[in-house]
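We use all heavy atoms of the structure for the numbers below, so side chains are in, but hydrogens, waters and symmetry mates are not. Below, read A as the first sequence line, B as the second, and so on, with proteins coming before strands; counting in each chain starts at 1.
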Amino acid sequence: MLINALLGFIQALLLLLLTPLFTGISRKLRARIQTRKGAPILQDYYDLAKLFSRQEMVTKNAGPIFKWMPAIYLGSYFAIAMGLPLLTANSPIPFLADVITIIYLLAVPRFFFALASIDTSSSFAGVGGVRELIVSTLVEPGMMLSLIVVALLAGTTSITEISIMNLTGNIPALMAFVVAGIAFAYCTYIELGKLPYDLAEAEQELQEGPLTEYSGASLAFLKLGMGLKQLVMLGLFIAIFLPFGASLDGSFISVVLAAVILIVEILVIYFIVGIIENVVARVRFANASHQIWVSLGIASLAFVFLIVGI
Amino acid sequence: MFALETLSISALAAIAVPFIGALIIALTKRSSAKYIAILFAFVSLAASLFNSYVYFANGKAVTTFNYLSLGDANLIGFIFDNLSTLLAPAFVGIGLLVLIYAKGYLNEKNREHADVGHKRFYALFLVFIGAMAGLAYSSTILSQLIFFEITGACSWGLIGYYQSDAAHSSSDKALIVTHIASLGMFLASAVLFIMTGTFELTALSQIEGPWKIFVLLCIMFAAWGKSAQLPLYMWLPSAMTAPTPVSAYLHGGSMVKVGVYVYARAIYSAGSIPESVAWVGIIGAIITLVFSFIEYLPQKDMKRLLAFSTISQLSYIFLALSVAALAVAQGQGLQEGAAQMAFNGGVSHIFNHAFAKTLFFLVAGTIAFTVGMRDLTRMGGLIKNMPIVGVAFVCAALAVAGVPPFSGFFSKFQIFAGGFLVAQNSWLLLLIMIVALIETLACFAWFLMWINRAVLGEPSKEIASAQDVPGEIKFVLGVLIVMTVVSSFMAAAWLG
Amino acid sequence: MTFGAVSIVLISIAISAVGAIVALLFKSNFSLNKNLSSVIGIVAALYGIYAGFLGMTGQGELVSYATPFPFASLSLLVNPLSGLLLFVLSLLALVAWIYGLSYMDEYKKQGAMTFGFFMHTFILSMALVVLADNAFWFLVFFELMSLTSYFLVTIEQSKASTHAGLMYMVMAHAGLLMIMAAFLMFGSQAGSLEFEAFRQTQLSPVLASTVFLLTFIGFGIKAGMIPFHSWLPLAHPSAPSNISALMSGGMIKIGIFGIVKVAFDLLQGSEQMIWWGIVIIGFGAVSSLLGIIYALVENDVKRFLAYSSVENIGIILLGVGVSLVGVASGNNVLAILGLAGGLFHLLNHAVFKGLLFLGAGSITFAAHTKNMELLGGLGRLMPITATCFLIGSLAISALPPLNGFVSEWLIYQGLFNSIMSEGIVVMIVSAVAIVALALTGALAVTCFVKAYGVSFAGSPRSDQAANAKEVPAPMKIAMLILAVFCVILGVGAHFIVPVFSSIAKATALSQGAEVTASVALVNPASSAFTSTFVIAVVLLIAILVARLIHNIFGGNQFGEKVALPWATGYKPDVEMAVTATTFATGVEHFYDFFYDLRRNLSSGKGGVARAFDSIVNGARNIEPVSDKYLVDDTVRDVESMSEKIRRIASGDFQKYVLYIVGALIVLLALAVIL
């Protein structure tokens with residue numbers, strides 16, 4: 001039990017340490033597409049170190065929520081990362097690896113994120129927080145339905161079992177699985193907060209939204225946390241739909257191999273995401289629902305395929 | 001202890017004492033009239049309670065006494081059973097309470113009708129009380145008829161008490177309509193005598209065939225008239241020109257109950273009952289029920305609203321008794337199952353409604369006394385200025401509407417239970433019961449709306465300037481408030 | 001001498017009755033009356049909690065007392081289901097009385113007599129409803145419960161509260177009459193009004209379904225299910241806050257209790273249908289979604305809590321419906337999972353909604369306003385209230401590891417199982433329900449971030465909010481008790497849920513199923529599991545470590561600097577910050593379909609009012625008809641006839657002699673002829 005917990009910790013730590021690297025790669029990709037040279041890939045590490053040495057500013061009337069939010073945000077995503085079956089097909093902390101548990105655990109940092117944005121009494125932050133919540137209401141149904149379709153295929157909501165089903169290739173209705181995968185991929189993309197669904201931060205509109213009033217170490221935590229969130233969402237997607245490479249027996253060699261394959265998979269996805277986000281503009285908030293609800297439509301299609309049995 | 005024979009004397013006492021009292025009032029000063037009336041009414045109540053006690057102590061043995069016979073024909077007789085021993089003390093007791101109320105009401109301080117309390121009021125009222133006791137104890141149709149007519153005559157005098165033009169025409173209307181109704185009683189007694197040679201009510205069970213239908217329908221017609229059902233209802237709303245104690249007693253507590261009581265006795269004694277009679281009763285009741293509810297809606301005068309409410313509650317009783325009759329017609333005995341449930345429900349409702357409606361009328365009268373008006377739309381915030389009147393209003397309204405823990409619910413439940421049981425065999429009856437259920441909801445909503453406007457909230461201008469409520473009135477309201485909670489348990493325990 | 005559960009609960013009820021009388025007696029001395037009433041209430045509640053606990057874990061006990069009514073003996077039954085309700089009601093009564101020790105001061109004008117008397121009678125009538133095992137007494141106490149709460153809802157006697165009371169009472173009465181009709185139909189077949197007889201009776205499918213539908217709607221009105229919910233957002237805000245907590249946390253659960261009792265317990269003799277369960281799931285899904293959607297646009301703290309109750313009733317109904325499907329199709333695990341989830345959510349909602357209502361009461365106590373637009377920044381002025389409200393908000397948003405998450409997880413698993421194992425209709429309905437539940441969850445997070453954020457976070461938007469002070473100790477204690485329960489029921493779920501699975505087993509009359517395993521909650525049919533305990537530990541450690549690192553390595557060596565929020569160079573104003581309306585407009589934009597629906601249905605009210613007016617006019621016209629045609633004409637004819645006849649009596653002596661002679665001649669003629 002304890003060894004598993006340690007493995008989970010290492011897994012989450014790995015993701016955490018790699019977060020600035022991936023955000024750096026993403027930034028470099030954007031620069032290249034825009035035919036600039038761009039900052040070095042390791043720039044984000046330097047930025048974080050610098051932020052830690054700065055003084056923090058606190059808005060007037062902000063309370064303990066404002067001060068604790070960065071820790072809660074980062075801590076929650078770290079905890080979720082500990083539970084994902086990424087390096088091993090059997091989740092390190094299986095109590096966390098349930099579809100419904102994860103979806104609701106994702107709501108914990110979101111709750112405090114939006115709450116802290118209101119606590120700042122800043123209009124930019126507040127609007128960003130509200131948008132974050134509203135976007136989550138639009139995405140959640142599609143996300144839940146697509147994951148439930150996959151869970152129905154595996155006969156359980158335990159992500160470990162789903163992962164193993166995928167690895168061993170015993171998928172009862174392949175079409176349903178694929179279509180659900182498409183739906184969930186779309187939802188994940190929205191949750192990544194990348195263009196065109198960059199609604200909460202919306203640099204041009206909202207000045208980074210909820211991050212506006214944060215500074216110093218808190219800002220560092222938040223930036224790290226937001227990056228970690230992206231990795232966690234991708235990790236969830238990979239664990240369910242692309243678990244190839246996850247170690248089935250837990251031996252040292254296979255775990256290291258799994259880590260390498262995981263990093264490669266993330267890189268590939270980041271590359272694809274990077275291309276998409278740099279060729280589109282942000283969706284207008286008022287029209288966002290029409291687009292985002294398409295995910296629910298696709299997930300419903302997957303459900304129909306499930307019923308029919310293909 | 002007391003043998004059943006004592007009943008023959010005490011029954012006579014309960015009936016005769018008020019008549020004697022009326023005579024005494026006629027011969028003495030006006031100022032002592034009210035005290036004499038209260039005293040004699042009290043004696044009559046004591047006598048009727050004594051009757052009930054003796055009946056109970058002797059194991060509830062049904063007893064009949066004959067006073068006047070012509071050969072084989074029993075003309076006048078008294079019967080003591082569950083029905084009479086429950087209702088007679090109620091009628092007399094309510095009469096006593098109203099007399100006490102009248103002492104505080106009929107004087108110059110009355111803002112609506114300043115008055116002096118004439119002797120004829122008290123005398124006629126006492127006679128009325130005696131006649132009600134007589135009717136309750138009657139075992140022959142002839143004695144029922146006699147007391148029926150006496151009450152009619154007294155009501156003419158009492159309704160027209162204020163002697164204005166409106167009072168005259170309403171008292172005339174009341175007398176004429178109820179007298180037309182009494183034609184039914186005349187015909188029924190004649191046919192009964194011709195067919196069986198006696199006027200005993202129990203002889204009804206000996207008649208068969210179309211004559212039985214005729215007799216029962218005649219009695220029903222008489223009952224309809226006296227209890228203001230369609231098509232003989234119009235005298236009751238007009239009779240609201242009477243002084244409130246009269247309305248409370250006659251139109252809430254007793255006179256309108258004469259009709260249902262006569263009908264109940266007929267069903268009780270009739271043995272087998274033809275189905276057609278029961279159906280006529282049911283259909284008549286439900287039509288009157290719906291019609292009287294619709295007539296609630298435009299009413300602004302509190303007493304007129306109460307008049308229509310009385311009509312609809314009486315329809316419930318008619319419905320209950322007719323459903324019991326239907327069950328008997330379909331082969332059940334009156335002492336078992338659905339028939340008993342419906343019949344007891346109807347009789348309990350007579351008992352419960354008497355107290356509740358009397359209370360409600362007296363509330364209207366108290367407001368008229370202290371403020372000088374009866375317009376519901378100008379009442380507000382009663383509970384703040386006159387708390388006892390406010391509480392009485394709420395208790396009376398909820399008791400009439402049938403909300404537990406007030407009495408009306410318990411009798412209405414029995415009526416519905418009996419109705420649903422019998423309706424198992426008839427979808428038409430089920431439909432009728434559902435209409436009745438909807439009406440009870442609508443009635444409740446309507447009353448609650450008036451409670452909201454009249455009792456709760458800030459006192460309206462008129463209520464804020466009200467004068468004090470006299471002690472006698474407070475006492476009577478208090479007793480009746482207690483009765484609205486307790487009466488259903490008493491009735492259920494008595495009817496067993 | 002061992003006291004069984006029934007004796008203990010009777011003691012509790014008797015103590016409440018004493019409390020009611022005491023409240024009536026001490027009319028003039030407000031604080032003495034209040035303190036005495038509250039202490040008696042607390043004692044009664046403690047007995048009630050103990051009795052409920054015994055009932056939940058015991059076998060079931062039935063006693064019967066004779067009454068004047070031969071068809072209705074007073075039968076009282078303590079079984080696991082009624083024990084659970086007793087526990088819930090008594091717990092809420094306990095905190096309501098403790099809270100009232102300070103809170104009742106707000107109602108000094110209305111007097112402790114009214115408040116105390118009706119609160120005691122309300123609590124004891126709710127206890128008696130839950131215990132009653134005879135249809136007649138059930139109805140009596142059910143209506144008594146509505147009546148006593150009516151007087152509490154209208155206690156302020158303002159126009160708004162009397163209107164609320166009217167709507168509430170009329171709808172409650174309509175529900176009562178439906179239930180009465182159903183019970184009477186049932187009783188006709190069973191031959192008695194005792195529930196014991198009901199249990200043995202087999203009804204025909206048509207009759208059983210009629211009884212089910214009538215009681216579903218009747219109890220649904222009491223539970224506040226859509227579309228019968230309109231009384232809830234009117235009544236709960238008008239009542240005093242601790243009464244709202246009792247009503248929302250306790251009374252509407254009696255609606256659920258009724259549905260469960262009829263469908264699972266009383267109808268056990270007949271064949272229960274799958275479509276009944278589907279109907280319940282359908283109404284549950286709609287209620288949960290519409291409830292939270294309507295809650296989101298409210299600016300009155302208590303109104304939106306009322307709508308949120310509608311949402312949670314929907315969630316409980318989902319669990320109940322799933323379980324009924326399981327019972328009807330013989331699926332044991334489904335039956336247990338659904339009912340355990342639904343009943344646990346019943347307890348959880350009572351706890352966190354009670355907490356939130358008490359919090360709302362504290363807000364109004366301190367800031368003297370219910371309008372969220374005027375609040376803000378209360379968190380720093382009222383830290384304990386804020387913490388408790390935060391815990392309540394987290395719990396109701398079903399965030400792990402608190403109690404709301406546990407019951408929703410169980411219900412999700414129940415819905416999942418029903419998709420796996422049942423027919424196509426159930427599959428589709430359950431899938432829709434899962435989507436609705438997910439959407440509801442996300443909307444609930446939005447709603448409560450708004451509620452907490454707009455009220456407690458940020459800057460004060462009015463002087464009242466800026467001058468608010470923390471509430472007195474009794475109110476704090478009451479809130480803290482419930483907050484602690486939220487945490488314990490969540491983190492300690494693996495101890496608590498087995499109790500609920502045994503209650504479910506007893507109620508659904510099925511085989512047992514293991515829903516927990518060491519620290520985890522388990523779905524026995526699919527081997528899915530989760531553990532709030534582990535989640536709590538992991539989250540706590542992760543967050544605390546993060547905070548530690550933040551403090552050690554962060555820039556705190558320079559201290560914190562306070563600054564105004566950035567407003568592109570302008571001086572920031574409180575108007576610039578986010579308010580409740582910001583949330584409302586955002587949500588309204590995307591979900592406008594539902595708000596338009598409500599608008600369109602309400603505009604139908606005009607038509608109803610017009611129809612009503614025409615009926616009243618018609619009645620007014622009919623009134624004089626009988627007088628005009630029957631009486632007046634007759635009177636006129638009689639009078640004119642008598643006028644003509646009067647001429648005979650002319651007063652002339654000679655005419656009279658003529659009459660006499662004429663008559664004599666006629667008589668002689670007759671005598672001769674005959």
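For a residue to count as touching a neighbouring chain, one of its non-hydrogen atoms must lie under 4.5 Å from one of that chain's; by this rule Ile541(C) does not touch chain A. Looking at Ile93(A), only its side chain comes within 4.5 Å of chain C, counting heavy atoms on both sides. Residue contact with chain C, scored on non-hydrogen atoms closer than 4.5 Å, involves the backbone and the side chain of Tyr104(A) alike. Looking at Thr120(A), the atoms closer than 4.5 Å to chain C (heavy atoms on both sides) all sit in the backbone: N, CA, C or O. When heavy atoms are compared at a cutoff of 4.5 Å, Phe303(A) approaches chain C solely by way of its side chain, counted from C-beta outward. Both the backbone and the side chain of Val445(C) come within contact range of chain A, with heavy atoms under 4.5 Å apart. Contacts of Tyr591(C) with chain A are made by side-chain atoms alone, with heavy-atom separations under 4.5 Å and no backbone atom involved. Contacts of Ile424(C) with chain A are made by side-chain atoms alone, with heavy-atom separations under 4.5 Å and no backbone atom involved. Residue Phe405(C) touches chain A through its side chain alone, counting heavy-atom pairs closer than 4.5 Å. For a residue to count as touching a neighbouring chain, one of its non-hydrogen atoms must lie under 4.5 Å from one of that chain's; by this rule Leu390(C) touches chain A with the side chain only. Using a 4.5 Å cut-off between heavy atoms, Leu115(A) contacts chain C through both its backbone and its side chain. Ile100(A) touches chain C through backbone and side chain together, each having a heavy atom under 4.5 Å away.
Taken to the nearest 0.5 Å, the CD1 atom of Ile552(C) stands 11.0 Å off from the CZ atom of Phe52(A). Rounded to the nearest 0.5 Å, atoms NZ (Lys450(C)) and CG (Leu443(C)) are 11.5 Å apart. The structure places CE of Met144(A) at 5.5 Å from CD1 of Ile148(A), a figure rounded to the nearest 0.5 Å. Interatomic distance, CD1 of Ile396(C) versus CD of Glu408(C), reported as 9.5 Å (0.5 Å rounding).
Most heavy-atom pairs under 4.5 Å with chain A, from the set Ala528(C), Gly458(C), Ala438(C): that is Gly458(C). Comparing Gly155(A), Ser215(A), Ala220(A) by how many heavy-atom pairs each has under 4.5 Å with chain C, the most go to Gly155(A). Among Val130(A), Leu133(A), Val149(A), Val108(A), the residue with the largest count of heavy-atom pairs under 4.5 Å with chain C is Leu133(A). Put simply, of Leu394(C), Thr582(C), Val545(C), Thr440(C), the one with the most heavy-atom pairs under 4.5 Å next to chain A is Leu394(C). Residue with the most contacts toward chain A among Phe529(C), Phe533(C), Phe448(C), Phe416(C): Phe416(C) (heavy-atom pairs, distance under 4.5 Å). Note: Ser459(C) leads Ala542(C), Ser527(C), Ser459(C) in heavy-atom pairs under 4.5 Å with chain A. Most heavy-atom pairs under 4.5 Å with chain C, from the set Ala107(A), Gly63(A), Gly83(A): that is Ala107(A). For chain C, the option among Pro70(A), Ala154(A), Ser218(A), Ala12(A) with the highest count of heavy-atom pairs below 4.5 Å is Ser218(A). Taking chain C as the reference chain and counting heavy-atom pairs below 4.5 Å, the highest number among Gly129(A), Gly8(A), Pro94(A), Ala97(A) is found for Pro94(A). Comparing Gly379(C), Ala520(C), Ala398(C) by how many heavy-atom pairs each has under 4.5 Å with chain A, the most go to Ala398(C).
Here the two rings, on Phe66(A) and Phe112(A), have centers that are 6.0 Å apart or farther.
Using modelled atom types, one side-chain atom of Gln11(A) and one backbone atom of Ala81(A) make a donor-acceptor pair closer than 3.5 Å. Panel note: side chain Thr530(C), backbone Phe95(A); a donor-acceptor pair is recorded below 3.5 Å.
With hydrogens and angles left out, the side-chain atoms of Ser407(C) and Asn348(C) include a donor and acceptor closer than 3.5 Å. A donor-acceptor contact under 3.5 angstrom links the side chains of Asp98(A) and Trp409(C), judged on distance only.
Between Lys229(A) and Glu132(A) there is a salt bridge, since a side-chain N of the basic residue sits under 4.0 Å from a carboxylate O of the acidic one. Between Arg110(A) and Glu191(A), at least one side-chain N (NZ, or NE/NH1/NH2) sits under 4.0 Å from a carboxylate O, which counts as a salt bridge.
By the 4.5 Å heavy-atom criterion applied to side chains, Leu96(A) and Ile102(A) are not counted as neighbours. The shortest side-chain heavy-atom distance between Thr385(C) and Glu470(C) falls under the 4.5 Å cut-off.
For residues 289-301 of chain A, a heavy-atom distance under 4.5 Å to chain C picks out Ser289(A), Trp293(A), Leu296(A), given by residue number.
Using cut-offs of 30° and 60° on the angle between ring planes, the pair Phe456(C) and Tyr452(C) is parallel.
Nearest heavy atom pair, residue Ser455(C) against residue Ala451(C), reads OG-O, 2.7 Å. Here the closest non-hydrogen pair linking Pro172(A) and Leu153(A) is CG-O, 3.4 Å. Closest approach of Leu106(A) to Pro109(A), counting heavy atoms only: O-CD, 3.4 Å.
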